[in-house]
Amino acid sequence: MEPAVAAVHALVVREQIGSPLALFLTGSACDGGLRPDSDVDLLLITRRSLAHDERATLLGLLLEVSGRRATRKPGRPVELISLVLDDVRPWHYPAVRDFEYGEWLRDEYVAGHVPRPDTDPNLPVLLTSARAHSVALLGPPLTDLVDPVPSADLVASIFDALPDLLEGLVGDERNVLLTLARMVVTLRSGRIVAKDVAVEEVVPGMGAPHARLLGVAAAGYRGEVDVDWDSLVSEVVETAEALVSVIETLRPVR
């Protein structure tokens, strides 16, 4: 178990954060797609919303143990989502995320922001993926706790998440391009696959320049190359626009 994950597990159990029902390892660590700089994804399911002091305690620990800027020994970055069971069962969309930690938000946390409950359009993707591939570190399997997300909600969530994803394109070029590719695959097939696998499936339908750039993004994701994304901004924007065009052709007709 990653030291950061072990530290989170120990804190949740010791302090009974949110009256925990289950803690899961999810994402690429469970579906065979864990890469050198991939986040370790954790999903916490609780009986109740976290109290303010619990949020601060959990946040303080994550700032200590997650990623290159950890104040303990630096380690793999952690992304942790906490959900109250009653917010996702019975399922409804959009659903509420009770707590979120991710390294891209570290500066906000250090400045004093404490994560609060909010609706999250990414939850259908998260739960669909986690129901298929997750490891219970505490509690029962996720399939015993939450029902499948309806396919219509999974599709709606992709289009709802698209504007915020594109807003972060410059500065997070590789992740955004790979996520767009995975959106295409999910809209076409209902599957949620590893990001580099998504590129393999999407590239045959893309023009040569876009295919090359997506291949570079996938290679960077696998830790095979270092990429100077600052020198590729115009190409990145054009490839993102091409992927969005494909996504829009898959938008359901109302």
Side-chain angles (χ1 to χ4, degrees), residues 2 4-9 11-13 15 17-31 33-34 38-51 54-63 65-67 76-89 91-106 108-109 113-149 153-154 157-158 160-161 164-165 168 172 175 179 182 186 192 195:
E2 290 275 348
V5 173
V8 171
H9 178 272
L11 177 70
V12 167
V13 172
E15 301 294 334
I17 300 292
S19 296
L21 289 165
L23 178 67
F24 302 97
L25 185 66
T26 68
S28 55
C30 300
D31 65 10
L34 189 65
S38 295
D39 293 353
V40 172
D41 298 300
L42 294 174
L43 173 63
L44 175 63
I45 307 290
T46 64
R47 290 183 177 86
R48 58 170 175 79
S49 181
L50 274 59
E54 291 175 320
R55 294 173 189 277
T57 297
L58 184 56
L59 180 58
L61 175 75
L62 287 161
L63 288 170
V65 302
S66 172
R76 192 180 288 275
V78 174
E79 180 176 348
L80 184 145
I81 299 291
S82 181
L83 306 175
V84 178
L85 183 60
D86 287 347
D87 288 339
V88 293
R89 192 186 72 183
W91 172 257
H92 61 278
Y93 181 78
V96 172
R97 176 194 67 231
D98 192 52
F99 178 96
E100 177 182 41
Y101 180 91
E103 282 298 304
W104 68 94
L105 296 169
R106 175 178 279 268
E108 293 182 24
Y109 299 145
H113 173 71
V114 176
R116 299 293 304 168
D118 198 4
T119 55
D120 185 348
N122 291 306
L123 291 183
V125 173
L126 168 64
L127 290 175
T128 299
S129 176
R131 276 179 52 86
H133 303 286
S134 61
V135 175
L137 305 177
L138 172 70
L142 186 59
T143 50
D144 290 355
L145 289 175
V146 299
D147 296 327
V149 174
D153 289 347
L154 179 60
S157 74
I158 289 173
D160 289 345
D164 284 346
L165 178 68
D172 195 18
N175 179 61
T179 301
R182 185 163 65 180
T186 301
I192 299 168
K195 291 176 179 177

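Residue numbers count from 1 along this sequence.
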Do [X] and [Y] have side chains that get closer than 4.5 Å, going by heavy atoms?
| X | Y | answer |
| --- | --- | --- |
| L42 | V5 | yes |
| T186 | V125 | no |
| V84 | S49 | yes |
| R97 | P117 | no |

Non-neighbouring partners of Y109 that pass side chain to side chain donor-acceptor pair (under 3.5 Å), sequence neighbours left out: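 With sequence neighbours excluded, Y109 shows a side chain to side chain donor-acceptor pair (under 3.5 Å) to no residue whatsoever.
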W91: side chain to side chain donor-acceptor pair (under 3.5 Å) partners, not counting sequence neighbours: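 For W91, the residues satisfying side chain to side chain donor-acceptor pair (under 3.5 Å) (neighbours in sequence not counted) are D153.
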From CD1 (I158) to OG1 (T179), nearest 0.5 Å: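 Atom-to-atom, I158:CD1 and T179:OG1 are 11.0 Å apart.
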Distance in Å, T57 OG1 paired with L61 CG, rounded so as to fall on 0.5 Å steps: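 Rounded to the nearest 0.5 Å, the OG1-CG separation comes out at 9.0 Å.
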Between E103 and S66: side-chain donor-acceptor atoms closer than 3.5 Å: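 Distance-only check passes for E103 and S66.
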Pair R116 + E100: basic N to acidic O under 4.0 Å: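 Looking at R116 and E100, the cut-off is not met.
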Sidechain N-carboxylate O distance under 4.0 Å for R55, D98: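 Between D98 and R55 there is a salt bridge, with a charged N closer than 4.0 Å to a carboxylate O.
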Check against side-chain hydrogen bond (donor to acceptor under 3.5 Å, both in side chains), T26 and D41: CA-CA 5 Å; T26 68; D41 298 300; 4.9 Å; no
